[in-house]
Amino acid sequence: MHVHKYEKIWLTFGIGSLLVFLIVLGWGAFYQGTQPPSCLVTLNPQNVQAHNSFKEENLGVQQVGENEYVVNVLASAFNYDLGKDEEGAPVKKIRIPAGANVTFQATTSDVVHGFHLSGTNVNMMLEPGYISDYETTLDNPGEYTLVCNEYCGVGHHMMSAIVEVYE
Amino acid sequence: MSKQSALKQSSAHDVHEVEDIETHEEPNLKGTFAAVMFIGVFIVVSWIGVYALYMYR
Amino acid sequence: MLKNKIPKPESKIAMAHMYVAFIALLVGGLMGLLQTFVRSGEFTLPFGIGYYQILTVHGVVLGLVLTTFFIIGFQYALMSKSVGMSKGHRKWAWIGYIVTLAGTIMAATMILLGEANVLYTFYAPLQAHPLYYIGLALFVVGTWIACFINFNQLYQWKKQDPGEKSPLMAFMVVINMLIWFISTLGVASTVLFQFIPWSLGMVDEINVLVSRTLFWYFGHPLVYFWLLPAYMAWYTIIPKIIGGKIFSDGLARLAFLLFLLFSIPVGFHHQLTEPGIDPFWKYIQVILTFMVAIPSLLTAFSMFASFEMAGRAKGHKGLFKWFKGLPWKDVRFLAPFIGMVAFIPGGAGGLINASNQLNGVIHNTIWVTGHFHLTVATTVMLTFFGLSYWLIPHLKGRTLTPKLNKLGLIQTWVWTIGMSIMSGSMHIQGLLGAPRRSAFSTYGGSEQAQEWVGYQIAQAVGGSILFIGIILMVYIFFKLSFGTPKGDQEFPVAEYADVNERTPMVFENWKLWIGIAAVLILFAYTIPFIDIIQNSPPGSPGFQFPIGRG
Ligand SMILES: [Cu+2]
């Protein structure tokens, strides 16, 4: 089997590029902590409220430090539960200061859902029995839509909320 | 069966191999090289584009 | 050794598959059109038909039925041509066909009754009617029969010609069917051991992550099962159509062997954003996914080399002049060629999708939909259309007329334009964060959703153009089957550029390659799979209300 010299150059370039991509990704993932969301914490999907983060009163934005926030979200068909406001109405919009350290923690009480803060890298699957989390800083102010991006049933496209990042 | 056939095949090819080395001339594939390198650059540029978007977000 | 014409009884088997494939194209294409209309926000479905119902039909009918039936029919034709088909093979081929078709009809009925609005990925714990899962299982079992027929066809041929290397076409078919068989073991196990007992109420709960992992163990090789028949055509048929030769037998076989090794142990790249899977193993499978790009790099070179050598042999000189010498007015070449071109952005997009944390930018956005409409719906489909122009008349004892060739050229350009608009706008909208698999929504009046609408309208425009392409193609298909003059349409089989090329005999050592493939699969999956099972949360009961059942 003869390999043409141009083909050798092409393969060297091609495989070399793949290697560079892998090194950049691996370096980011293992040394800078930008692993894709892979939380290993489990809970009982039929009793998510047993977990502290998903108790009624802990849902939504929680300030946990000077510039640190946790957002607890309980997904179910076809709604993101972000807690209730002072009047007892369900929260559909939350606000987070730009540049703050935010951890999104979410799970589902029924089927598989998606969790994508459109226009950001916060994009994870919610699966029954698992907590999904993503820690990030949202530096660019603006209005972001939290959308369910995994099919969860006939009302799938109605499942959303708004996250405002303010200066 | 596969071992046997492998043996047969290789002996039948010994003759060719000598010929292969002596008479083989590489075809002119300059255009091919340019085309695949264009593909390569396209892939690298697209990848870097999305990587940049990822870093910006 | 090569028969000139595929014998009639064998033609009938291949054609039986083609009829199903093209009916599926029409039905599935219509569903796709309706989806783009709904999502433009300008149209609502009549008669209480659900968006997710037509989405399920679209995915199942095009992604599983059209592709699988075309591929199996086409592969039978390649096997008849290269190694022959016995009476016994034919009998089993019909049995396999009937089982696959029965499974298809069973699953399709459940979808039409609204009992299976679960899309073709049927993620638990959404729970469809048991007959949907049983239909899928039958479908898979039917295709296994085709696998073993193809394996046996090559085996019988080898018995008659020991010592000969197997014909390239048969070699490629067997590799593709090996990939299919090994990967469908995953989806078959989740359907048989998890979904069916659970949907029948024999067990109460299902392990969701195990079912998803088994699904994606199948789901990625599935796309290679679609792609490899296109590669078969590019390697063994297109060179003949352009008046050229196969660039290298050895490199073609090497590419296919690499697909056998690396197309399976990579399913985690579809699960990168999922909880419960150790990120170390995700990264390992990302590395393996990148390995599967290598055979495509090889293929790109082989294709251009075969084009350039053909052009130069005809006297075209210069760096790119040979390009002009290609038969642009021959639809048997043009359609697959545009398919090849689409694989450049398709492949680049695929690498981005599999890039570990970069996956978060596009995961489950409509970028992904745009991506596989380039790969499977353009690269693979245009190649399949390109094959149909000569394969259908060959099987039916008819000819491709100049008029139909011209209509085919128009069809190809219509497809190209429609897909560029639709897939292009999907890619951009996906980068902006819009989700896939969603009906029209204003997302509570969000600003972003307003930005997305323009792209959704563009998708409806592209989708409409594509639907015109589908109507044209279905018309051409029926014309080729029943309407063109009787005659002998050539089955193009390319010859080798270098007849003395020495292909390493180790390429024929099936035990070795299947063994390595198995080792890679075990390496990539054993530890994380045990992890997933050991750390499983309590299982999930079935949910029927979200999909409108019960
Ligand atoms: Cu949802």
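Convention: sequence-line order gives letters A, B, ...; per-chain numbering from 1.
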Rounded to the nearest 0.5 Å, what separation is found between the [atom1] atom of [X] and the [atom2] atom of [Y]?
X	Y	atom1	atom2	value
A/Q35	C/L272	CD	CG	10.0 Å
C/F543	A/S76	CZ	OG	9.5 Å
A/I162	C/S446	CD1	OG	5.5 Å
A/I15	C/I294	CD1	CD1	4.0 Å
A/E164	C/E447	CD	CD	8.5 Å
A/N149	C/I366	CG	CD1	11.5 Å

Ignoring hydrogens, what is the shortest heavy-atom contact between C/G539 and A/P45? Give both atom names and the distance.
O-CG, 4.0 Å

For the student: nearest non-hydrogen atoms of A/M125 and C/N364, plus distance:
SD-ND2, 3.7 Å

Is the shortest heavy-atom distance from the side chain of A/V112 to the side chain of C/P125 under 4.5 Å?
yes

Contact check, side chains of C/P275 and A/M124, non-hydrogen atoms, under 4.5 Å
no

Classify the ring geometry of A/H4 against C/F301: parallel below 30°, tilted from 30° to 60°, perpendicular beyond 60°.
tilted

Does any backbone or side-chain atom of [X] lie under 4.5 Å from a heavy atom of chain A? Answer side chain, backbone, both or neither.
X	result
C/D278	backbone
C/F290	both
C/W281	neither
C/Y283	side chain
C/A124	backbone
C/L297	both
C/E205	side chain
C/F304	neither
C/F247	side chain

Greatest number of heavy atom pairs closer than 4.5 Å to chain C - which of [options]:
options	value
A/C148, A/A29, A/A161, A/G114	A/A29
A/V122, A/V3, A/L18	A/L18
A/Y144, A/F30, A/Y151, A/Y134	A/Y151
A/E143, A/E7, A/Q46	A/E7
A/L22, A/L11, A/N44, A/V154	A/L22

Going by atom types alone, do A/T145 and C/Q448 pair a side-chain donor with an acceptor below 3.5 Å?
yes

Have C/Q271 and A/E127 got a donor and an acceptor in their side chains that come within less than 3.5 Å?
no

With chain A as the partner, which of [options] has the greatest number of non-hydrogen pairs under 4.5 Å?
options	answer
C/S540, C/G444, C/A439	C/A439
C/I287, C/N359, C/L254	C/I287
C/L298, C/V286, C/L351, C/L358	C/L298
C/L126, C/L55, C/V361	C/L126
C/S248, C/S441, C/G445, C/P538	C/P538
C/S438, C/S302, C/G276	C/G276

Are there more than 12 heavy atoms of other residues, nucleotides or ligands under 6.0 Å from atom CD of A/E57?
yes

Taking atom OH of A/Y166 as the centre, does the number of heavy atoms from other residues, nucleotides or ligands within less than 6.0 Å exceed 12?
yes

Could you tell me which portion of [X] (side chain, backbone, both or neither) has an atom closer than 4.5 angstrom to a non-hydrogen atom of chain C?
X	value
A/H116	side chain
A/T107	neither
A/L43	backbone
A/Y6	both
A/I131	backbone
A/F78	side chain

Spell out, as yes or no, whether a donor-acceptor pair under 3.5 Å connects the side chain of [X] to the backbone of [Y].
X	Y	answer
A/N121	C/G360	no
A/S118	C/G433	yes
A/N123	C/H363	yes

When A/Y130 is tested against each of C/N535, C/I277, C/L209 for side-chain contact (heavy atoms from CB on, under 4.5 Å), which residue passes?
C/L209

Would a line drawn from the ring center of C/Y52 to the ring center of A/H157 be shorter than 6.0 Å?
yes

